[in-house]
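Following: one structure in structure tokens, then a few remarks.
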Amino acid sequence: MELPTPAAFVRFVGNGGKYLDSDKARVDEWVVGIKEWLERGLEQVYFFLHQHDEADTPLIADYTIQEFNKHLGSDLSRINFITPDKGLF
């Protein structure tokens, strides 16, 4: 892909559920591509993601944040999942 501007907008549509591993693999591919773009002058990335079943979106979002932080030098806050044993506070 070409990099015509210093900013990129990526709309990632995942499948979730039993396809979560496939979604993660595609996020990994985007991390590699975005890293190459950053090395070629990309300054901003807007990475919008969602799933067909939005209940799965937090799972892939947290994975994406983790991978962006690990490989792209981002400093994004991870998702704080609420579990029944923790309660809201």
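Predicted model, so just to flag it, every value in this text is computed and none were measured.
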Contact between L72 and E67 at the side-chain level, heavy atoms closer than 4.5 Å - yes or no? no
Hey, could you give me the OG1/CD distance between T57 and Q51, rounded to the nearest 0.5 Å? 5.0 Å
Answer yes or no: does atom OH of Y46 have more than 12 heavy-atom neighbours from other residues, nucleotides or ligands under 6.0 Å? no
Relative to the ring of F47, is the ring of F68 parallel (under 30°), tilted (30 to 60°) or perpendicular (over 60°)? perpendicular
How far does CD1 of I65 sit from CD1 of I79, to the nearest 0.5 angstrom? 4.5 Å
Are L49 and V13 connected in the hydrophobic side-chain network, where two residues link if heavy atoms are under 4.5 Å apart? no
Hey, could you give me the OH/CG distance between Y63 and D28, rounded to the nearest 0.5 Å? 3.5 Å
Drop me the distance from H71's NE2 to Q66's CD, to the nearest 0.5 angstrom. 8.5 Å
Residues passing the salt bridge (charged side-chain N to carboxylate O under 4.0 Å, His left out) test with D23, sequence neighbours excluded, are R26
Among D56, I60, N15, find the one that has a side chain to side chain contact (heavy atoms under 4.5 Å, CB included) with L20. I60
Is V45 reachable from F12 through a run of hydrophobic residues whose side-chain heavy atoms are each under 4.5 Å from the next? yes
What one should report as the nearest heavy-atom pair of T64 and V27 is OG1-CG2, 3.6 Å
